[in-house]
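To keep things clear, I will list the structure first and then write my remarks on it.
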Amino acid sequence: MKIHNFSAGPSILPQSVFDKAAQGVLNLDNSGLSILEISHRSKDFIAIHEHAKALVKELLQVPDTHHILFLSGGASSQFFMVPLNCLPQNGTAAYVDTGSWSSKAIKEAKRYGQIDVLASSKEDGYKYIPKNYTIPSDATYLHLTSNNTIFGTQFQSFPDCEIPIVCDMSSDIFSRPVDVSRFGIIYAGAQKNMGPAGVTLVIVRNDMLGKVGRDIPSMLDYQVHIKGDSMYNTPPVFPIYVSMLTLEWLKDFGGVSAIQKANEDKAAILYDEIARNSLFSAVATEEDRSRMNVTFLVNDPELEKPFLDLCKAGGCDGVKGHRSVGGFRASIYNAMPREGVEALISVMQQFEKQMG
Ligand SMILES: *Cc1c(COP(=O)(O)O)cnc(C)c1O
């Protein structure tokens, strides 16, 4: 039976990417060598790295003002690298607290300067995206988390502001078009929507850097990585390779506008079923709900385990909600086909029949 993987991350990748990655492990492009053993300075890997960067640039239309880096340390390292590199000791950065990941980013940033938390939906279980706050024009940057992987909310648009936006896009990068020119920094761990765990994409605008006058360890210094073209040290070769394959798949799919349509369609049919089905209710406020991570509860908590059992029997894996929210979470990233979502919907309908 085909297993549909709804895991929040590491998560589903296209089958064709698994096939090509497996081939690359055995014999990369008929070189007689494995992607796992070649030098990061080899001609083959340099071509892979250049192609991966070119695909990021093309798919997101990254302007020439922005550098594209592939770093290690996860999105979590960006929580401190951003303020370390960009926030002067006497400066202030503005943050919006929309979930666990943004609150972790806030915690780390506080080590490096003044942090102004403009708004938070914490008191309401992060069920919505705060609006109507004032963005201070003298702050160094505004930090947002575009999609809240755990609670299932998402910025449908980004606030207008004069200061640069820094955005953690770990769980919705490449899921829709974004105007990169509006962002000072975009960062994303690969393992939700771009590739396997082990590499983090960072897109950083020139003018964000060189202003803090702080002694930054080389490995944590964006300028060192820019100068070294992500090869100051050994880069995560295999995750970059698989990310390149995934971005090729996305390009063949028609790019981010085409995948956005598919993502909206998948999310719509699933949210419609949650609304229709008498057993379930959605977690996130309708206007802010995520197209990537669909969170929902069963009205009777006693039914949680039986539903998860039925999901398993129906070939739907990874539907259990995050421990801080409970209930269920279906992560329907780019690589999740409509048939996967339809399979989950049919399990929900079967469950309603059984219980009703
Ligand atoms: C998963 C996730 C992270 C953490 O990523 P790591 O690569 O594990 O450090 C950060 N932010 C968001 C929005 C995430 O979804």
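In listed order, ligands and their atoms are each counted from 1. Along the sequence shown, the residues carry numbers beginning at 1.
- Of all the heavy atoms of K192, the ones lying under 4.0 Å from any atom of ligand 1 belong exclusively to the side chain.
- I165 places a side-chain heavy atom less than 4.5 Å from the side chain of L144.
- Taking the six-membered ring for Trp and thresholds of 30 and 60 degrees, H49 and F45 have nearly parallel ring planes, at less than 30 degrees apart.
- Taking a cut-off of under 4.0 Å to the non-hydrogen atoms of F79, the atoms of ligand 1 that pass are 10 (C).
- In this structure, H143 has its ring center under 6.0 Å from that of Y95.
- Taking only nitrogen or oxygen atoms, main chain and side chain alike, G74 does not reach within less than 3.5 Å of ligand 1.
- Under the 30°/60° scheme for interplanar angles, the aromatic rings of F6 and H4 are found to be tilted.
- In terms of modelled atom types and a separation under 3.5 Å, the side chain of S11 and the main chain of Q191 share a donor-acceptor contact.
- Remark: minimum distance from atom 5 (O) of ligand 1 to any protein heavy atom is reached at A75 CB, 3.5 Å.
- The contact set between ligand 1 and N147, taken as ligand atoms under 4.0 Å from a residue heavy atom, comprises 13 (C).
- A salt bridge does not link D288 with K127: every distance from a Lys NZ or Arg NE/NH1/NH2 to an Asp or Glu carboxylate oxygen is 4.0 Å or more.
- Close N/O approach between Q191 and ligand 1 is found [any backbone or side-chain N/O within under 3.5 Å].
- For Q61, the CD atom counts as loosely surrounded, since its 6.0 Å shell holds 12 or fewer non-hydrogen atoms of other residues, nucleotides or ligands.
- Looking at ligand 1, you'll find an N or O of T149 within less than 3.5 Å of one of its N or O atoms.
- If you check which protein heavy atom lies closest to atom 9 (O) of ligand 1, you get S76 OG, 2.6 Å.
- Those atoms of ligand 1 that come under 4.0 Å of a heavy atom in T145, given as number and element, are 13 (C).
- Comparing heavy-atom distances from atom 11 (N) of ligand 1 across N293, I173, D168 singles out D168 as nearest.
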